[in-house]
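A, B, ... follow the sequence lines: proteins, then strands. Residue 1 opens every chain. Scope of the values below: all heavy atoms of this structure, side chains included, with no hydrogens, waters or symmetry mates. No experiment lies behind these values; they were computed from the predicted model shown.
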Amino acid sequence: MKTIAEINQKIKNGKAVVVTAEEIIGIVDDKGYEEAAELVDVVTTGTFGPMCSSGVFINFGHSDPPIKMKTVSLNDVPAYAGLAAVDAYIGATEVSTTKGMEYGGGHVIQELVAGKDVKLRAFADGTDCYPRKSIETTINKYNVNQIYMYNPRNAYQNYPAATNSTKKTIYTYMGTLLPEFGNITYSTSGELSPLLNDPYYRTIGLGTRIFLGGGQGYVTWQGTQHNPGQARGENGVPLSLAGTIAVSGDLRDMSEDFIRAAVYEKYGVSLFVGIGIPIPIIDVEMLKYTAVRNSEIKTSLADKSGNEKLPETYTYEQLQSGSVEFRGEKVKTAPLSSISKAREIAGILKEWIEKGDFLLTEAVAPLPLENKVNKLEIREIKL
Amino acid sequence: MKKVKVKLHFPRKWISKPLMSEVISRYGIVFNILHADISYDSEGTLIAEITGEDEAVTDSLTYIDSVGVKYKLYNKSIILREDECIHCGACTAVCPSEALTMDKDNKLHFDKEKCLVCELCIKACPLRIISTEF
Ligand code: SF4
Ligand code: SF4
């Protein structure tokens with residue numbers, strides 16, 4: 001048993017033993033769980049995948065005379081301005097009014113992260129205290145007051161692999177799916193993935209400090225559609241869609257290496273977000289969870305055309321091999337989430353901790369272990 | 001020396017004739033098959049790379065044409081801006097020829113030789129870093 005305070009003391013003394021969620025597997029093979037838990041203090045995780053539920057809050061500062069912005073666009077991508085006068089939120093999937101699906105919120109966010117100027121256009125009705133009715137200028141991440149990412153749902157604990165039962169190619173957020181089960185795509189960093197290494201959220205909770213987009217950020221809430229009640233394997237790992245987290249961090253600390261806009265053909269814009277979470281090895285149980293490997297993590301298979309319910313499940317070891325067997329035939333598999341980037345993130349986080357630049361946090365409150373995911377029912381409006 | 005990439009379109013009657021060995025022995029070119037979709041008694045296509053002396057390559061193509069096999073030269077090639085690649089793998093989902101694959105370190109591997117210039121990967125890449133070059 002180790003407390004987080006004890007681990008932090010070791011980090012400050014430069015004595016903490018930090019390994020990545022891949023490296024821990026070899027250590028466990030060598031030494032067993034007990035000895036590994038004694039030896040290792042922190043296991044770092046990482047993921048770099050398209051995360052649609054992402055966006056950025058900006059306070060632009062006041063112009064003279066001031067404006068109470070009603071509609072706002074950044075590089076012709078609409079932002080939500082139904083907040084105080086010069087506060088706005090730009091969502092990753094919003095698309096440009098001039099370029100359509102090829103450019104959107106994700107691209108604006110990437111350009112802001114890169115430190116580039118972005119065109120701001122806003123309109124207002126004009127009030128006694130905010131007389132200005134329109135404004136056109138450029139902003140960047142340095143000349144606004146606050147600019148921070150707030151992503152309502154990131155780092156899905158697990159995600160179903162995708163395929164297509166129809167006779168036509170379909171274009172989805174799970175990539176291009178070829179006809180008649182012509183390919184299978186999947187999106188996870190598997191054994192490196194944060195919430196797959198802490199399946200019951202024993203250490204990851206509200207206030208947990210994390211790697212976010214190249215800087216340091218925090219877990220700020222349960223993510224939307226957080227579904228801890230998903231069926232789990234014997235090792236506690238959910239077998240499909242499960243836990244999620246909301247995260248936040250200062251955009252000024254982020255880098256284009258870990259925040260990247262994405263366009264999925266005929267679907268729209270999304271944003272690759274790099275997240276890494278350190279897991280303190282507080283006991284042997286925690287060590288066992290972090291030693292999970294791709295062959296022990298399973299996921300379901302979804303027909304993205306919505307026509308068939310598929311009973312197949314695969315492990316991430318099978319999916320990562322490049323092909324799996326489906327109804328007696330070999331089907332090509334392809335990832336969508338970058339495992340090499342996830343590995344890089346876990347490595348950077350490890351380095352930060354080793355150098356004493358990143359201390360671990362005690363969660364302020366746990367993520368819920370019970371939560372029901374509701375369906376949106378279509379009901380008669382009797383208001 | 002010259003290297004061209006061609007798509008050959010075989011009519012039904014020609015499938016069983018030894019066209020390849022014929023051009024190879026006649027003109028001393030290297031005939032490298034990249035992708036074949038041929039079966040007995042039906043039309044077929046074959047994508048190949050022909051390498052040899054300038055004249056030999058031209059003569060081979062003239063010969064291929066003279067025996068009634070239509071060909072199309074690829075004058076485009078695929079350009080991938082590798083420094084911007086995040087190795088997500090989305091492009092490998094659609095590549096029919098294994099020109100785009102993930103290597104054992106989960107990085108994208110692009111084998112230009114195997115590319116059929118089908119252009120499917122261009123729209124499958126969410127970063128839009130794949131294009132064609134003339
Ligand atoms: S064009 Fe792209 S998808 Fe087509 S064969 Fe070449 S690399 Fe593969
Ligand atoms: S889809 Fe684009 S970014 Fe992703 S691996 Fe292929 S070339 Fe690289």
(request) Measure distances from B:Cys125 to the heavy atoms of chain A and classify the residue's part below 4.5 Å as side chain, backbone, both or neither. (result) backbone
(request) Enumerate by number any residue of residues 23-31 of chain B whose heavy atoms lie under 4.5 Å from heavy atoms of chain A; in the absence of such residues, state 'none'. (result) none
(message) As an exercise, state the distance from CD of B:Glu84 to CD of A:Glu256, rounded to the nearest 0.5 Å.
(response) 8.5 Å
(message) If we define contacts as heavy-atom pairs under 4.5 Å, which of A:Gly49, A:Ala334, A:Ala342 has the most with chain B?
(response) A:Ala334
(request) Please name the pair of heavy atoms, one in B:Asp105 and one in A:Arg343, separated by the smallest distance, quoted to 0.1 Å. (result) O-NH1, 3.1 Å
(request) I would like to know whether A:Glu344 and B:His87 meet side chain to side chain contact (heavy atoms under 4.5 Å, CB included); could you show each step before the answer? (result) CA-CA 12 Å; A:Glu344 189 184 338; B:His87 309 281; over 6 Å; no
(message) Heavy-atom count check: over 12 atoms from other residues, nucleotides or ligands less than 6.0 Å from A:Lys168 NZ?
(response) no
(message) Restricting to non-hydrogen atoms, name the atom on B:Thr92 and the atom on A:Pro335 that form the minimum distance, rounded to 0.1 Å.
(response) OG1-CD, 4.1 Å
(request) Working to the nearest 0.5 Å, report the span between CD1 of A:Ile339 and CE of B:Met102. (result) 7.0 Å
(request) For the pair B:Arg128 and A:Glu102, find out whether any cationic side-chain nitrogen is under 4.0 Å from an anionic carboxylate oxygen. (result) yes
(message) Measuring from atom SG of B:Cys91 to atom CG of A:Leu336, what distance do you get when rounded to the nearest 0.5 angstrom?
(response) 10.5 Å
(message) Tell me if the CD atom of A:Glu308 is crowded by more than 12 foreign heavy atoms within 6.0 Å.
(response) yes
(request) Report the option among B:Thr101, B:Ile86, B:Val94 that has the most heavy-atom pairs separated by less than 4.5 Å from atoms of chain A. (result) B:Ile86
(message) Is it true that, when you exclude A:Lys332 itself, more than 12 heavy atoms of the residues, nucleotides or ligands shown sit nearer than 6.0 Å to its NZ?
(response) yes
(request) Please state whether the side chain, the backbone, both or neither of A:Tyr267 comes within less than 4.5 Å of a heavy atom of chain B. (result) neither
(request) Considering non-hydrogen atoms only, spot the tightest contact between B:Ala93 and A:Thr185 and give its length. (result) CB-CG2, 3.9 Å
(message) Rounded at 0.5 Å granularity, tell me how far NZ in B:Lys123 sits from OG1 in A:Thr169.
(response) 12.0 Å
(request) Please indicate whether B:Lys112 has more than 12 foreign heavy atoms, meaning atoms of other residues, nucleotides or ligands, lying under 6.0 Å from its NZ. (result) yes
(message) Taking side chain as everything from C-beta outward and backbone as N, CA, C, O, which of these in A:Leu178 sits under 4.5 Å from a heavy atom of chain B? Side chain, backbone, both or neither.
(response) side chain
(message) Quick check on A:Tyr171 against chain B: is it the side chain, the backbone, both or neither that has a heavy atom closer than 4.5 Å?
(response) neither
(message) Quick check: do A:Phe272 and B:Pro126 have side-chain heavy atoms less than 4.5 Å from each other?
(response) yes
(request) Return the minimal non-hydrogen interatomic distance between B:Asn106 and A:Ser340, and the atom names on each side. (result) O-CB, 3.6 Å
(message) Does A:Arg260 form a side chain to side chain contact (heavy atoms under 4.5 Å, CB included) with B:Leu127? I'd like the steps, not just the answer.
(response) CA-CA 8 Å; A:Arg260 232 25 119 69; B:Leu127 268 65; 3.3 Å; yes
